[in-house]
Visitor: 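The structure that follows is given in the form of structure tokens.
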Amino acid sequence: PRGFPGWPHPSPILRMFGVTGEGHSVCLHLHGFSPYFYVLAPPGAGEAHLEPLERELEAALRREQRGGNPKFQPPKNVLGLTLVRKQSILGFQGGLQSLFVRVGVSLPRLVAPARRLLERGLRWGNLGVQPAPPFEANIDFEIRFMADSGLVGCCWVELPPGGFRCWGALRGHPPEGAWLGLPPLRLLSFDIECAGRKGVFPEPQQDPVIAIAAVALRQGAREPFLRVVFTLRSCAALRGATVRSFESERELLQSWAEFVRIVDPDVVTGYNIHNFDLPYLIQRAQVLQVESFPYLGRVRGVPSQVRDSAFQSRQLGRREGKVVTSPGRVTLDMLQVLLREHKLRSYSLNAVSAHFLHEQKEDVPHGIITELQNGDAQTRRRLALYCLKDAMLPLRLLERLMTLVTLVEMARVTAVPLSYLLTRGQQVKVVAQLLRQAMQEDLLLPVVKSEGGEDFEGATVIEPLKGLGPQDFIRTPTGQLSPYWSILVHTGLYWFILVHTGLYWFILVYTGLYWSLLRLGPQDFIRTPTGQLFVTPRVRRGVLPRVLEGLLAARSRVKAALAEEQDPERRQVLDGRQLALKVSANSVYGFTGAQAGRLPCLEISQSVTGFGRQMIEKTKQLVESEYPDVQVVYGDTDSVMCRLKVPSVPEAAALGRAVATWVSGHFPPPIRLEFEKVYLPYLLISKKRYAGLCFSGGSGGTPKLDCKGLEAVRRDNCPLAANLVTACLRRILLHRDPQGAVAHAQEVISDLLCNRIDISQLVITKELTRAASAYSAPQAHVALAERLRRRDPGSAPGLGDRVPYVIVSGARGQPAYERSEDPVFALEQNLPIDTRYYLEQQLSRPLLRIFEPILGEGRAQAVLLQGEHTRCKTLLTARSGALSAFTSKRSSCIGCRALLPHHGAVCDFCRQRESELYQKEVSQVWHLERSFSRLWSQCQRCQSSLLQDVLCSSRDCPIFYMRRKVQKDLEAQLELLRRFGTPQW
DNA sequence: AGCGCGACCTAA
DNA sequence: TAAGTTAGGTCGCGCT
């Protein structure tokens with residue numbers, strides 16, 4: 001189209017990007033595909049019963065529809081009943097097939113009522129009313145369609161030339177060879193700005209959209225081919241981007257929607273577009289009555305809709321939000337991707353950009369955005385630039401994290417549509433694979449009622465042998481025999497158990513009498529450690545072992561292919577696939593134990609963990625009986641940590657390998673114990689908590705500090721605590737300098753108590769996991785979220801958000817949850833930080849846990865928490881810190897702090913030093929000004945403009961906090977200077 | 001003060 | 001309607 005330079009020629013390739021969750025009506029129409037499920041036929045059923053049953057079902061469905069809302073009614077609900085002979089995957093029937101009825105219906109939404117009616121019982125002709133248990137009635141329609149068509153997610157589909165009005169079956173290509181790569185998908189990233197009212201989060205009912213930036217990129221290309229900003233009112237030109245200005249908001253919206261249809265992206269991305277930008281635009285367009293706006297999808301006549309959605313899983317917690325449908329396009333919200341894929345302290349675009357791209361971005365408060373809009377073409381240019389950057393960043397993140405390739409490969413490996421990976425949980429991926437495997441073996445998946453049963457026993461964690469630690473090494477003069485630590489791991493233990501015992505899905509739960517009926521002898525089944533009986537793989541291979549086997553076999557193939565492949569793009573795809581295969585294999589065990597799940601099988605979960613417990617126990621015994629000098633000091637699930645008395649890392653590795661090999665000989669192949677790494681030194685705090693200097697593979701390469709479960713790797717403390725623990729561990733373990741570690745800790749503690757720690761280091765974040773009323777006891781972050789909600793409901797943290805807070809000083813004995821405060825608010829209001837809280841509740845215990853094994857109990861306490869460094873230098877805090885607000889009310893002498901009866905600077909006693917004191921305060925001003933200007937220009941660089949004001953107030957940027965603090969100190973200092981009046985000398 | 005329990009987050 | 005598992009440490013609250 002004209003006006004958009006760099007527009008690529010239309011691709012000759014027709015793309016079908018998997019099946020999006022929204023596009024099924026198209027598939028239904030084109031493919032002539034209709035959903036179906038099965039029910040188990042009652043005894044005595046036959047061909048003759050199908051016709052009356054069909055009539056009965058059709059009539060029952062019609063009756064239901066009459067009561068409900070009169071949506072589109074197909075001429076026929078039931079598309080036919082067929083008798084089939086199959087087996088269920090659940091239970092072992094000795095190969096005997098049962099009679100099922102395949103029930104075809106005309107629309108996906110008829111599956112549920114049809115299933116319910118049949119399950120409850122309909123009249124089967126002369127057999128009377130019979131209940132019929134359903135099979136495969138809970139399979140998502142898209143999964144059903146793709147399984148039947150042999151398509152996986154994101155695979156290439158070849159269409160006959162000359163149009164595709166009338167097809168037979170779709171021709172999908174396995175994503176290999178020539179069909180390995182990704183198509184040149186078009187990505188569109190966008191961001192909007194709204195002119196909110198002061199202090200209130202923008203609302204589509206009132207606040208206008210003033211700018212929309214859009215950046216389009218072709219997958220694989222380095223640079224976007226299109227950068228456009230749509231602005232309300234004039235905007236000065238931008239370099240490298242097209243500016244489209246409109247006088248009315250209606251035109252702006254209309255034009256943007258038109259633009260989306262022209263660009264016709266396969267993937268729409270952005271940051272928080274699901275919950276903010278997209279719903280905002282659509283609701284705003286509704287308010288302004290822009291009728292043509294919501295047709296943002298690819299299906300003609302089907303508008304995008306805003307729906308409320310709630311998602312809950314144990315993994316991701318409960319999340320509520322909005323979903324915007326956009327048929328035919330994948331909406332890839334980078335925020336959702338990051339929430340699922342990465343555990344971070346903060347998910348603001350700001351924090352995320354800093355973390356992954358090592359670059360800060362401005363964060364302009366809403367109020368100022370409105371001011372910029374109300375300025376002139378130049379201020380609006382600034383706004384446009386800001387907006388453009390926010391549209392750009394998600395694309396950069398997408399590229400850096402290889403999000404698209406990763407998702408595409410996951411969709412291919414697990415055979416689900418790409419959109420499922422962003423909106424659904426883990427189970428659906430296993431179900432999709434299971435269904436395909438079952439279809440190959442002519443087996444059916446039952447619909448199991450998930451009833452919350454009792455929990456099952458999990459893995460063993462070996463009680464750690466504490467009291468041994470780095471001090472063994474540090475106190476030993478070099479050259480002496482020192483303890484080395486070696487980790488031995490059963491790699492992929494649960495995979496092997498699942499695959500090689502064939503536990504899925506044939507279970508014998510019957511009596512000996514029944515075995516003889518099935519002609520099974522004792523050699524035909526195994527009894528697992530938890531007492532469940534399964535037929536051996538020789539009798540019948542389970543369905544899931546096959547799925548798992550397939551994943552593992554594919555993984556070996558990919559490994560081999562990677563060794564050969566040179567092309568970087570194909571390598572990237574293969575890397576992505578390798579990861580996807582591993583992740584999928586790992587989620588299989590969890591699936592079987594998902595009690596609130598689709599197809600749980602606790603017998604299997606129990607048996608797997610049972611085998612695991614047996615194996616770790618046996619491993620420990622074997623090691624210690626054969627090698628008296630090797631001591632198993634710890635172990636978790638599938639690994640044992642051994643203490644070896646050898647003098648070097650290579651020798652520790654060699655011994656580790658020897659032990660592993662010897663132990664492996666005592667397990668049935670392919671279960672193997674493998675040597676993994678050497679730790680030196682190693683600090684074992686407790687179960688699931690340790691740190692060590694890790695020589696991976698026992699190599700002489702650069703060792704890495706490995707930290708498990710300690711505060712250093714947890715997100716529910718303040719960065720100060722995490723950083724301090726890390727720093728101390730580095731000094732102790734890497735530099736072998738415990739004294740240096742102590743000194744550093746003392747210094748930080750002193751800094752904290754003297755208010756020299758930047759507030760960004762003190763921000764604690766915790767996830768809001770439920771509604772405030774659902775908590776049984778008050779919590780700091782919950783209480784703050786509630787207070788924020790009262791201040792401004794629009795911008796308050798929602799369910800699933802992480803709430804950042806600091807603890808400020810309060811009355812004596814006031815609980816912490818009443819003293820939690822928004823860090824920016826605390827800074828702006830000069831609220832005093834409760835540094836004692838941070839020392840006593842955030843730093844002391846984690847530090848003691850690390851130092852006690854090294855210094856001894858009493859000494860650690862004395863050295864860290866009772867030294868001179870814990871004495872607060874009040875002089876400094878009273879002046880520049882939180883108390884400065886009070887000092888101006890009742891003046892005290894700047895020289896000796898004595899209270900003054902007047903508002904001057906010094907008391908009579910200090911009068912003769914006044915000049916000297918004045919000079920000191922002036923130089924303090926000079927220092928503050930210097931730091932301020934340094935920070936200011938740093939912020940200017942970040943906003944890539946050295947000529948303009950800094951507007952940023954990012955609560956995720958330490959520079960911001962420092963800049964504001966210095967600014968406040970400077971103001972206070974100037975105020976103080978004023979008290980000297982005009983000097984007389 | 002000590003204990004039980006809920007909440008959070010992590011290891012595997 | 002859909003939602004991977006259990007084991008484990010630590011901290012704050014509220015009760016005794």
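A note on names: the letters A, B, ... follow the listed sequences, proteins ahead of strands, and every chain is numbered from 1.
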Visitor: If an axis is fit to five pairs at each end of the helix from B:dA1-C:dT16 to B:dA12-C:dT5, what is the angle between the two, to the nearest 10°?
Guide: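 For the helix from B:dA1-C:dT16 to B:dA12-C:dT5, the axes at either end differ by 10°.
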Visitor: Please state whether the phosphate of C:dG9, meaning OP1 or OP2, lies under 4.0 angstrom from any side-chain nitrogen or oxygen of A:R714.
Guide: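 So the side chain of A:R714 is outside the cut-off, no N or O lying under 4.0 Å from OP1 or OP2 of C:dG9.
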Visitor: With respect to the phosphate group of C:dC11, does any side-chain polar atom (N or O) of A:R849 fall under 4.0 Å of OP1 or OP2?
Guide: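 Yes.
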Visitor: Considering every strand and a 4.0 Å limit on heavy-atom distances, what is the contact class for A:N138: base, sugar-phosphate, or nothing?
Guide: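 Contact class for A:N138: none.
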Visitor: What are the 5'-most and 3'-most nucleotides of DNA chain B lying under 4.0 Å from any heavy atom of chain A?
Guide: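 For DNA chain B, the relevant span reads B:dG6 to B:dA12.
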Visitor: Heavy atoms only, 4.0 Å cut-off, all strands: where does A:H781 land among base, sugar-phosphate and nothing?
Guide: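 Answer is sugar-phosphate: A:H781 comes under 4.0 Å of backbone atoms only.
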Visitor: Using the P atom as the reference point in each nucleotide, state the distance between B:dA12 and C:dG4 in Å, no decimals.
Guide: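 Their P atoms lie roughly 22 Å apart.
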Visitor: Please write out each protein N/O paired with an N/O of nucleotides 13-16 of chain C under 3.5 Å, distance rounded to 0.1 Å.
Guide:
unit_1: C:dC13; atom_1: OP1; unit_2: A:Y817; atom_2: N; d: 3.3

Visitor: Filter on side-chain hydrogen bond (donor to acceptor under 3.5 Å, both in side chains), then keep only pairs touching residues 308-319 of chain A, sequence neighbours left out; what's left?
Guide: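 Sorted result for residues 308-319 of chain A: A:Q312-A:R318, A:Q315-A:Q426, A:R318-A:E320.
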Visitor: Choosing from C:dT6, C:dG4, C:dG8, which nucleotide comes nearest the side chain of A:Q315?
Guide: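 Among C:dT6, C:dG4, C:dG8, the one nearest the side chain of A:Q315 is C:dG4.
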Visitor: Establish whether the base of C:dG4 is bridged to the side chain of A:Q427 by a donor-acceptor pair shorter than 3.5 Å.
Guide: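 By the distance-only test, no, there is no pair.
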Visitor: Looking at A:D706 and A:K677, is any side-chain nitrogen of the basic one under 4.0 Å from a carboxylate oxygen of the acidic one?
Guide: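 Looking at A:D706 together with A:K677, the answer is yes, because their closest N to O distance falls below 4.0 Å.
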Visitor: Does A:G590 reach a base, just sugar-phosphate, or nothing at all? Heavy atoms under 4.0 Å.
Guide: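 It contacts base atoms.
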Visitor: At under 4.0 Å between heavy atoms, what does A:A596 touch on the DNA or RNA strands: base, sugar-phosphate, or nothing?
Guide: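 Counting heavy atoms under 4.0 Å across all strands, the contact made by A:A596 includes a base.
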Visitor: Within the 4.0 Å heavy-atom criterion, would you say A:R319 contacts the bases, only the backbone, or no part of the nucleic acid?
Guide: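 Touches nothing.
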Visitor: Check each residue of residues 686-695 of chain A for a non-hydrogen atom within less than 4.0 Å of any atom in DNA chain B, then write out the ones that pass by number, or none.
Guide: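 Here the set is A:K688, A:Y690.
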Visitor: What contact category does A:V713 fall into here, base, sugar-phosphate, or nothing, at under 4.0 angstrom with non-hydrogen atoms?
Guide: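 If one applies the 4.0 Å heavy-atom cut-off, A:V713 turns out to touch the sugar-phosphate alone, with no base involved.
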Visitor: Would you please name every residue forming a salt bridge (Lys or Arg N to Asp or Glu O under 4.0 Å) with A:R144, sequence neighbours left out?
Guide: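 Scan of A:R144 (salt bridge (Lys or Arg N to Asp or Glu O under 4.0 Å), adjacent residues dropped) gives A:E136, A:D148.
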Visitor: Check every strand shown and say whether A:T769 touches a base, only sugar-phosphate, or nothing at a heavy-atom separation below 4.0 Å.
Guide: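 Touches sugar-phosphate only.
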Visitor: Applying a 4.0 Å non-hydrogen cut-off, can you work out what A:R770 is touching in the nucleic acid: base, sugar-phosphate, or nothing?
Guide: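 If one applies the 4.0 Å heavy-atom cut-off, A:R770 turns out to touch the sugar-phosphate alone, with no base involved.
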Visitor: May I ask you to verify if any side-chain N or O of A:R613 is less than 4.0 angstrom from the OP1 or OP2 atom of C:dA7?
Guide: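 Looking at the OP1 and OP2 atoms of C:dA7, neither is under 4.0 Å from any side-chain N or O of A:R613.
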Visitor: Using a 4.0 Å heavy-atom cut-off across all strands, classify A:R845 as base, sugar-phosphate, or nothing.
Guide: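 Contact class for A:R845: sugar-phosphate only.
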Visitor: Using the side-chain contact (heavy atoms from CB on, under 4.5 Å) definition, which of the options A:I685, A:V725, A:L710 pairs with A:R849?
Guide: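 Considering A:I685, A:V725, A:L710, a side-chain contact (heavy atoms from CB on, under 4.5 Å) with A:R849 is found only for A:I685.
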